[in-house]
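Report on the structure given below.
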Number of protein chains: 2
Amino acid sequence: MTKNCNFIEKLREVGLRPTKQRVKMCEVLFNREKTFHFTINDLVKMISEKMSEKISLATVYNTVHAFEKKGYLKEISIDSHKSYFDTNISAHHHFFDEDTHELIDCDESDIDPVNIKKNITGKKIKSVEILIKVASDNQTQK
Amino acid sequence: MTKNCNFIEKLREVGLRPTKQRVKMCEVLFNREKTFHFTINDLVKMISEKMSEKISLATVYNTVHAFEKKGYLKEISIDSHKSYFDTNISAHHHFFDEDTHELIDCDESDIDPVNIKKNITGKKIKSVEILIKVASDNQTQK
DNA sequence: AACATACATTATAATAATTCTAAACTATTG
DNA sequence: CAATAGTTTAGAATTATTATAATGTATGTT
Ligand SMILES: [Mn+2]
Ligand SMILES: [Mn+2]
Ligand SMILES: [Zn+2]
Ligand SMILES: [Zn+2]
């Protein structure tokens with residue numbers, strides 16, 4: 001159980017003011033055993049359930065983006081029209097279950113390193129991500 | 001130069017009525033040497049430029065989705081909040097240039113086959129796609 | 001502790017992408 | 001050509017996201 005003062009320090013370290021809302025969001029997002037994936041909507045629900053005080057939707061957006069910029073969160077694109085975020089900020093790949101719309105992390109050991117033989121002139125590779133879409137056997141492809 | 005009557009047949013084959021609008025969209029999308037990537041907005045512009053008659057935005061959406069369902073187009077997710085489509089319907093990977101927001105196809109020979117050692121119980125792999133984000137050397141990571 | 005300041009939060013309005021609706025239109029079949 | 005099912009259309013509705021501007025808060029300074 002990480003203490004709030006740790007979050008306060010963590011926020012200070014990257015130059016974010018440890019406001020009440022930011023500390024609360026840290027608790028909700030990072031005060032847990034495992035990393036997880038969420039949408040802004042999920043997060044708003046989680047916050048409402050876990051605390052009595054209201055938080056403005058705009059603040060959730062702002063704070064998520066502030067955390068993303070500071071490297072506390074990663075954004076994952078699977079489905080246009082919906083942003084998924086990930087508290088697992090390490091480079092990793094995903095399974096996406098088309099039946100349940102669930103995102104599942106791939107362990108590093110699940111996939112051999114990708115060998116890219118070409119590159120774009122004058123450009124540097126910033127990330128390499130694999131998305132494996134899965135569905136029930138009896139499911140028609142989306 | 002594929003003739004329009006070919007598009008009419010092609011549409012009939014998959015059970016889509018060859019309406020004026022669908023045939024025009026086939027021309028704009030498929031009557032060319034190379035495959036390409038586009039957003040709905042791009043497509044609307046291309047249609048307006050290449051022909052005098054108006055087409056309703058809803059029809060562009062409907063028709064793109066009809067084509068997607070029939071396998072004439074693929075949807076690519078890179079950026080939430082924007083749908084990219086691809087006239088290259090084969091399984092392939094992409095570079096995404098963060099500076100220009102351009103999508104670039106990877107040839108099959110550019111990347112070794114991905115070896116996935118794990119799978120999700122009861123689920124079948126529907127697709128495996130790699131997205132390689134690139135940017136100028138001097139660019140700060142998004 | 002009170003003050004000044006920059007930064008953050010809030011409610012609400014604005015924007016953008018997409019989908020829905022219901023009326024008008026068109027391709028197809030007989 | 002008439003009947004029918006499917007399609008297009010303009011515009012309204014919906015959804016996700018971002019902008020605005022007023023109010024509130026954290027922090028360093030007196
Ligand atoms: Mn973002
Ligand atoms: Mn789609
Ligand atoms: Zn993840
Ligand atoms: Zn492509």
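A note on names: the letters A, B, ... follow the listed sequences, proteins ahead of strands, and every chain is numbered from 1.
- Atom pair D42(B):CG and dT18(C):P shows a separation of 11 Å (rounding to whole Å applied).
- dT25(D) atom P lies 12 Å from atom NZ of K24(A), rounded to whole Å.
- A donor-acceptor pair is defined here as one N or O able to donate and one able to accept, closer than 3.5 Å; no such pair exists between the side chain of S77(B) and the backbone of S77(A).
- Judged by closest nucleotide on DNA chain D, R17(B) is the one of A58(B) and R17(B) placed further toward the 5' end.
- When the side-chain nitrogen and oxygen atoms of T63(A) are compared with OP1 and OP2 of dA8(C), none of them lie within a distance under 4.0 Å.
- The main-chain N or O of F85(A) is never found under 3.5 Å from a side-chain atom of H37(A) such that the two would form a donor-acceptor pair.
- Put simply, CZ on R22(A) is 14 Å from C1' on dG24(D), counting in whole angstrom units.
- Atom-to-atom, NZ of K20(B) to P of dA24(C) comes out at 18 Å; the value is rounded to the nearest Å.
- Within the 4.0 Å cut-off from OP1 or OP2 of dA17(C), not a single side-chain nitrogen or oxygen of S83(B) is found.
- Out of dT27(D), dT18(C), dT17(D), the shortest distance to the side chain of Y61(A) is found at dT17(D).
- Each of Q21(A) and L16(B) lies near DNA chain C, and the nucleotide nearest Q21(A) is the one positioned closer to the 5' end.
- The shortest distance between the side-chain N/O atoms of R12(A) and the OP1/OP2 oxygens of dA26(D) is not below 4.0 Å.
- At least one side-chain nitrogen or oxygen of T19(B) sits closer than 4.0 Å to the OP1 or OP2 atom of dT8(D).
- Nucleotide dA8(C) holds its C1' atom 16 Å from the CD1 atom of I8(A), rounded to whole Å.
- With dT18(C), dT17(D), dT9(C) as the choices, the nucleotide that has an atom nearest any side-chain atom of I40(B) turns out to be dT18(C).
- Rounded to an integer number of Å, the gap from M25(B) CE to dT9(D) C1' is 15 Å.
- To the nearest angstrom, P of dT17(D) lies 11 Å from OH of Y84(A).
- Ring centers of Y84(A) and H94(A): at least 6.0 Å apart, outside the cut-off.
- A heavy-atom distance below 4.0 Å to DNA chain D is reached by these residues of residues 48-57 of chain B, ordered by number: K54(B), I55(B), S56(B).
- Between N119(B) and V134(A), the closest side-chain pair of non-hydrogen atoms is not below 4.5 Å.
- The closest donor-acceptor contact from the side chain of N88(A) to the backbone of S90(A) lies under 3.5 Å.
- Between the side chain of D107(B) and the backbone N or O of S109(B) there is no donor-acceptor pair closer than 3.5 Å.
- For T59(B) (side chain) and I55(B) (main-chain N/O), no donor-acceptor pair under 3.5 Å exists by modelled atom type.
- Regarding N62(B), its CG atom lies at a distance of 18 Å from the P atom of dC25(C), rounded to whole Å.
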